[in-house]
Amino acid sequence: MLDIQLFRHNIEETAALLLKKGYQLDIDKFNQIEQTRKSLQNEQQALQASRNKLSKEVGDLKRNKQDANSHLEELNIISENLKNVTDQFNSIYEEQKQLLSEMPNIASKDVPNGKDEHDNIEVKKHGEINPLNKESLDHVKIGESLGLYLSEEATKIAQSRFIVLKDKLARIHRGLAQMMLDIHVNEHGYTEYYVPQLVNLKAMYGTGQLPKFSDDQFILNDDNLALIPTAEVPLTNLVSDKILKADELPLKMVSHSACFRREAGSYGRDTRGMIRQHQFDKVEMVQIVDPLNGLDALNEMVSHAENILKALDLPYRVVELCTGDLGFSAFKTYDLEVWLPSQKTYREISSCSLCTDFQARRIKARYKNKAGDTNLVYTLNGSGVAVGRAMIALLENHYDGKHIHIPSALRPYVGGKDVI
RNA sequence: GGAGAGAUGGCUGAGCGGUCGAAAGCGGCGGUCUUGAAAACCGUUAAGGGGGCAACUCCUUCCAGGGUUCGAAUCCCUGUCUCUCCGCCA
């Protein structure tokens, strides 16, 4: 959620910033709501003040055994008015809140302008594109030829966009997640968490998945719970309603979880293979930081994700997302894209975002600085990295026609073998 | 699933329908003392919002939502969560 002060003082400028994120603000409507809110609130508070004052006097009179009837009459009138005004205020206040909660975060000034992913800027390339996989077989062919990739079975017991992995492939998948966790914990200073993969709707609202993107979520309406689309949701909400001490920051958390997405808007995209699934595993990093350190933390987080790809010996590039491709809560985002020989292109495998105080305001995550002031924290999240896609990239880049070559960093996690 | 108890500030915890935004302790901050620190002592310290250039001032908040009342942390109802006991169970 954006700071409402942005709309009170610089609504034109704010509207322009929102437009870059693809949100069209109706300035007149907003101003009108704001004005109504203001006058109703003033009226309500004036009535409350006189009610409080008179009620106090009633107490005094009664204690002195004096007559309070004239006060009581006046109070009846005030009560009636107050009830009226309060109803009106509540409804306009709700309307304003609803409006604000559906607005995206604004982008950093230095984020490149653009419409969609084609306007993203490549900022870095790493690794040589010279895969062992000379025929550019895709992961489905490789997995099936090994007899370890069971898509029909998955469809039988679930639906399309689910997968069953068997034996060595399941082992690689598990090993990848464990390797990533160990690197983040041992080398990058994160604390590992195990978190609920169903969360309440308040938590989903807190990180920005609701109310606007309910179509993308699996929601269990009978239980008021949702399957998490990313561990960012439970991890970030860990600090909701908290006032942290300055020296507790930064908080660096990491978790391996399954992620569930309905992929409502992506019919027909990536239907082959396990690029885009309803259920996939991800190792997620979340940082809660002092606002002064937001950008440094973002750069650091990107390097943490990069280290995973380096450890796996995978060619990748880093792109900065343009304004039109930034997520709802993001202020600035870098994606890591890994080379997929079968598609002859780089595909997203990690996304690291600085969300400034956008989520913090929703979840009331604050910290007290040395001077004793209470302020909102900044939140960041990044994949470190998507496990399924890492496995795909590993298969496609390190398959020599017969075996999958295991990078040395991963070997301890898959039984020590250098080929599988 | 059944029975009972509870939810109060950063934390622990007291609280009679009005003098309660709320005792006390811890913690934080400032000071005295000290070469420095600790201890001791003194002071101070909730959050959110409205109005005002400002000094300041007003409103809201004691789990959430309703209700009773001139007035609710306190009384009533509903919900959520926590704890204890019983049942079931990976």
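Chain letters run A, B, ... following the sequence lines, proteins first, then strands; residues in each count from 1.
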Inset, instruction - Nearest whole angstrom, please: distance from the C1' of B:G9 to the CD1 of A:Ile243. - result: 9 Å
Inset, instruction - Searching all strands shown, indicate the nucleotide that pairs with B:C53 (Watson-Crick or G-U wobble; both distances under 3.5 Å). - result: none
Legend entry - Distance, C1' atom - from B:G17 to B:U74, rounded to whole angstrom: 7 Å
Inset, instruction - For B:G71, take OP1 and OP2 only and decide whether either is under 4.0 Å from a side-chain N or O of A:Lys53. - result: no
Legend entry - A:Lys62 NZ - B:U19 C1' separation (whole Å): 17 Å
Inset, instruction - Please measure how far the C1' atom in B:G31 lies from the corresponding atom in B:A47, and state the result in whole Å. - result: 27 Å
Legend entry - Rounded distance (Å) that lies between atom P of B:C58 and atom CD of A:Gln41: 16 Å
Inset, instruction - Report the residue (A:Ser79 or A:Gly59) whose heavy-atom-nearest nucleotide on RNA chain B is the more 5′ of the two. - result: A:Gly59
Legend entry - Base-pairing mate for B:C88 - Watson-Crick or G-U, with both contacts under 3.5 Å: none
Inset, instruction - Using Watson-Crick or G-U wobble geometry with both distances below 3.5 Å, tell me the partner of B:A22, or none. - result: none
Inset, instruction - Apply the test side-chain contact (heavy atoms from CB on, under 4.5 Å) to residues A:Asn105 and A:Leu2: give CA-CA distance (whole Å), side-chain angles for both, the deciding distance (0.1 Å), then the verdict. - result: CA-CA 6 Å; A:Asn105 197 0; A:Leu2 291 170; 3.6 Å; yes
Legend entry - Complement of B:C83, any strand, by Watson-Crick or G-U distances under 3.5 angstrom: B:G4
Inset, instruction - Check the distance between B:G48's P and A:Ile363's CD1 and give it to me in whole angstrom. - result: 15 Å
Legend entry - Separation of atom CD in A:Glu57 from atom P in B:G18, rounded to whole Å: 18 Å
Inset, instruction - Pick the P atom in B:A73 and in B:U19, then give their distance to the nearest Å. - result: 9 Å
Inset, instruction - Could you work out which one of B:G71, B:G49, B:G27 sits closest to the side chain of A:Gln45? - result: B:G49
Inset, instruction - State yes or no: are the ring centers of A:His256 and A:Tyr194 separated by less than 6.0 Å? - result: no
Legend entry - Name of the residue among A:Val239, A:Thr379, A:Leu380 meeting side chain to side chain contact (heavy atoms under 4.5 Å, CB included) with A:Gln359: A:Thr379
Inset, instruction - Could you give the distance separating B:A38 and B:C29 at their P atoms, to the nearest angstrom? - result: 10 Å
Inset, instruction - Using the side chain to side chain contact (heavy atoms under 4.5 Å, CB included) rule, pick out the option among A:Val233, A:Leu220, A:Val199, A:Ile219 that qualifies with A:Leu227. - result: A:Leu220
Legend entry - C1' atoms of B:A46 and B:C26, separation to the nearest Å: 16 Å
Legend entry - Residue met sooner reading RNA chain B from 5', once A:Leu75 and A:Lys83 are mapped to nucleotides: A:Lys83
Inset, instruction - Please state whether the phosphate of B:G71, meaning OP1 or OP2, lies under 4.0 angstrom from any side-chain nitrogen or oxygen of A:Asn52. - result: no
Inset, instruction - May I ask you to establish whether A:Arg362 and A:Tyr205 are in a cation-pi arrangement, using a distance under 6.0 Å from NZ or CZ to the six-membered ring centre and at most 45° from the ring axis? - result: yes
Inset, instruction - Verify side-chain contact (heavy atoms from CB on, under 4.5 Å) between A:Val85 and A:Leu47, making sure each step is shown before the conclusion. - result: CA-CA 9 Å; A:Val85 171; A:Leu47 286 168; 4.0 Å; yes
Inset, instruction - Quick one: label A:Lys242 by what it contacts on the DNA or RNA (base, sugar-phosphate, nothing), any heavy atom closer than 4.0 Å. - result: nothing
Legend entry - Side-chain N or O of A:Thr374 closer than 4.0 Å to phosphate OP1/OP2 of B:A47: yes
Legend entry - P-based separation of B:U8 from B:U82 [nearest Å]: 14 Å
Legend entry - Length of the OH-P vector between A:Tyr93 and B:G49, whole Å: 8 Å
Inset, instruction - Please state how far atom CG in A:Leu40 lies from atom C1' in B:G49, giving the value in whole angstrom units. - result: 15 Å
Inset, instruction - Just call it for A:Lys38: base, sugar-phosphate, or nothing, with non-hydrogen atoms closer than 4.0 Å on any strand. - result: sugar-phosphate
Legend entry - Closest to the A:Val58 side chain, choosing from B:A47, B:C70, B:G51: B:C70
Legend entry - Between B:G10 and B:U84 - C1' atom distance, rounded Å: 29 Å
Legend entry - Nucleotide opposite B:G43 in a Watson-Crick or G-U pair, distances under 3.5 Å: B:C29
Legend entry - Nucleotide forming a Watson-Crick or wobble pair with B:G71, both distances under 3.5 Å: none
Legend entry - P spacing across the pair B:A22 / B:U45, given as an integer number of angstrom: 11 Å
Inset, instruction - Check step by step if side-chain contact (heavy atoms from CB on, under 4.5 Å) holds for A:Val377 and A:Asp357. - result: CA-CA 6 Å; A:Val377 297; A:Asp357 58 10; over 6 Å; no
Inset, instruction - Would you please confirm or rule out a distance under 4.0 Å between OP1 or OP2 of B:A46 and any side-chain N or O of A:Arg366? - result: no
Legend entry - Side-chain N,O (A:Arg37) to OP1/OP2 (B:G49) below 4.0 Å: no
Inset, instruction - Please state how far atom CG in A:Asp60 lies from atom C1' in B:G18, giving the value in whole angstrom units. - result: 8 Å
